[in-house]
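Note that the coordinates shown come from a computational prediction; the quantities given were computed from them, not determined experimentally. Note that these values count all heavy atoms, side chains included, but never hydrogens, waters or copies made by symmetry.
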Amino acid sequence: MSTESENIEELVNRRYAHGFVTDIASEGLPPGLNEDVVRAISALKEEPEFMLEWRLRAYRQWLEMVEPEWAHVHYPRIDYNSISYYSAPKSDKDRPKSLDEVDPKLLETYDKLGIPLHERARLAGVAVDAVFDSVSVATTFKKKLSEAGVIFCSFSEAVKNHPELVRKYLGTVVPQRDNFFAALNSAVFSDGSFVYIPKGVRCPMELSTYFRINAANTGQFERTLIVADEGSHVSYLEGCTAPMRDENQLHAAVVELVALKDAEIKYSTVQNWYPGDENGVGGIYNFVTKRGDCRGANSKISWTQVETGSAITWKYPSCILRGNNSVGEFYSVAVANNYQQADTGTKMIHIGRNTRSTIVSKGISAGHAQNAYRGLVRVMPQAQGARNHTQCDSLLIGKECGAHTFPYMEIKNPSARIEHEATTSKISADQLFYCRQRGISEEDAVNMIVNGFCKEVFNELPMEFAVEAQALLNVSLEGAVG
Amino acid sequence: MLDIKDLQARIGETEILRGLTLNVKAGEVHAIMGPNGSGKSTLAQVVAGHEDYEVTGGSVQFKGKDLLELAPEERAREGIFLGFQYPVEIPGVNNAYLLKAAVNAKRQHQGLDEIDAFEFLKLAREKMALLEMDPKFLNRGVNEGFSGGEKKRNEILQMAMLEPDLAILDETDSGLDIDALKAVANGVNALRSPDRAIILVTHYQRLLDYIEPDFVHVLSAGRIIRSGDKSLALELEKKGYEWVREAANA
């Protein structure tokens, strides 16, 4: 071990002679993936030894794994050696100097989404000191959080300042070799968020990546870890409704949630990565592993997601219901328009007694898009009295799109009560004519019907997010009819 | 107000309206009667702008505008209301929400501000009382799980809220019990005014006992073959449609 690591160290030092790291910091890594790259990333982040070891273990496991093909999605083979695994933060020089230099199409979308003027600059990556208020707002928030004892910081900061917590929980929900993309992420993740809520604390505000300074450029391999200690409570918002562009096509994030006894985590996502153009060119591949572990009794984890972006979405936010009486929830709206593909759903693994789970999935397909719900409900032999209710609805707009449902159930305890309901409906010409005869334009009618369809899920979102999500859905389905 | 001249329309290859002429003035109530397949509902759909029907000839003027040039929603905003024979269900869309969107679409078209939520609720409750509807209806999905009678009342509620210049009620009486029929008739009668026209499309004379028409027209094979006052409806009830058809052919 020691000779090997010395050798490797030597290698690293030889290849990346001093000064090189700074170059990387400003220029990014050249494309390619090997152990040196993993070491370089860890070195750039000035990580302690245990993190480097952890990454290397993941990398070696990844090498032995095969890219999965079971999802109902199609894309050209990814060449993992053509990707740069560390891209430098953009310098102000390269950024647009003002909104005038930003793609007008993007601005138009901001307008439709009702994004306040002062936020547009930040979202479009404008290099103004006008990244203004959010800094001071964030400072106030930070103060309030630290008074409550809540830790909310970037993953890199957590590795530096709270290594014991990171070490204790990292990879305990999504093991390194869980799947191909999780292994890749474990090896090369760039940054992400870390949250720790101490015992008995109710987090005094909704935590949002929006308020995490340095949130920009967490890159394509994001890592999030949220730990809710006994009796604590936290609501976390990820993403934003503004369209996010990124030169990196592959996104493979990992999110781990740990809820200890009597704790509750509510995790809401609005995902609006670039979906590619109307012809299906470009767009992000969003291959994400999200999992929550209800580790203690009476704990609860609730996922709510609104997925409208990305060329391909492939994710299954899941709950492991280990603690007795623990509760898992999954509420999802997935929209696929044009040539988008979505294969999303959840896994509810019932291990503890009297565990309960609820799944509400709303899939909307338009254009040539394919939308699949894939869900697993597994009741282990010891999970006496487990209950699940699954409701899975699909809405089709137009004739070229598709909706698919793949429910899996593995029930190994006879006391389990499992319910599954599924519907597929179309926005009918009659419905549209009815609305139009009442003076409502076709587009508004579609929006109205779609929003009605999604209401159950929107109700689960924090108020402000819900309003934005609605606007977002309308924009995503623009031109879907007619 | 509505001036239909020699209107011809078809659906697919089937010709349904074959030269229909009808003039409706403000303040008038017209009843269109006729056997199944005579084109009554087609007339209603064509005036409302349903795109499945192709107009192959003739003209329709509404308040001096060429109606056939306008999209369905524009016709609605101009003041045409169609009470559907089979109102469609829109699950998940709140009844109040649709109603408010419709009212505001029209108000916007007229250059008025949006109605505020308070005012809207007050107005809706008033109209619902008139139609003997439970206010809870506002919070249900549009026609979702409504009985036949509830759907028809809901149509009349929408009409009452939208205050159209021209209301076309397509078989509004079908499937109604007598209490519902009276409630619906009350709603329609409350809306009668010198600036408003109403066209009742119906199969039976029964509705006309409660809503008295100024004119009755008999439609057969896509054309109006006889017009008269309300006594024509009574005569029809007695003698049947065959009688008019024979008389027209004679």
Looking only at heavy atoms, which of residues 150-157 of chain B get nearer than 4.5 Å to chain A?
B:Glu155
Could you tell me which portion of B:Val103 (side chain, backbone, both or neither) has an atom closer than 4.5 angstrom to a non-hydrogen atom of chain A?
neither
To the nearest 0.5 Å, atom OH of A:Tyr408 lies from atom CZ of A:Phe406 at 6.5 Å
Side chain, backbone, both or neither: which part of B:Asp52 has a heavy atom under 4.5 Å from chain A?
neither
Please classify the contact between B:Glu89 and chain A as side chain, backbone, both or neither, with a heavy-atom cut-off of under 4.5 Å.
backbone
In terms of heavy-atom proximity below 4.5 Å to chain A, should B:Leu99 be classed as side chain, backbone, both, or neither?
neither
Run the salt-bridge test on A:Lys362 and A:Glu456 with the 4.0 Å N-O cut-off and return the result as yes or no.
yes
Give a yes or no on whether a salt bridge exists between A:Arg438 and B:Glu73, defined as a side-chain N under 4.0 angstrom from a carboxylate O.
no
Could you note down all residue pairs passing ring pair (Phe, Tyr, Trp, His ring centres under 6.0 Å) where residues 46-99 of chain B supplies at least one of them, sequence neighbours left out?
A:Phe433-B:His50, A:Phe433-B:Phe84, A:Tyr434-B:Phe84, B:His50-B:Tyr53
Please evaluate residues A:Trp303 and A:Tyr267 with respect to the criterion ring pair (Phe, Tyr, Trp, His ring centres under 6.0 Å), reporting the C-alpha separation (whole Å), side-chain torsions for both, the decisive distance (0.1 Å), and the verdict.
CA-CA 5 Å; A:Trp303 298 99; A:Tyr267 192 104; 5.1 Å; yes
Hey, are B:Asp165 and B:Arg196 close enough for a salt bridge, meaning a charged N less than 4.0 Å from a carboxylate O?
no
Donor-acceptor pair, B:Asn95 side chain versus B:Asn139 backbone, under 3.5 Å?
no
Leading residue by heavy atom contact count with chain B [cutoff under 4.5 Å; candidates A:Gly439, A:Gly452, A:Cys435]
A:Gly439
Heavy-atom distance under 4.5 Å to chain A: side chain of B:Pro87, backbone, both or neither?
both
Walk me through it: do B:Phe146 and B:Phe137 pass the test ring pair (Phe, Tyr, Trp, His ring centres under 6.0 Å)?
CA-CA 9 Å; B:Phe146 286 22; B:Phe137 270 84; 4.9 Å; yes
Note: B:Glu74-A:Arg436 ion pair, threshold 4.0 Å (strictly below):
no
Under 4.5 Å from a heavy atom of chain A, the part of B:Leu162 involved
side chain
Heavy-atom pairs under 4.5 Å with chain A are the metric here; pick the option from B:Ala101, B:Pro72, B:Pro91, B:Ala105 that has the most.
B:Pro72
Leading residue by heavy atom contact count with chain A [cutoff under 4.5 Å; candidates B:Arg75, B:Glu51, B:Gln108, B:Glu78]
B:Glu51
Is A:Lys315 salt-bridged to A:Glu307, cutoff N-O under 4.0 Å?
yes
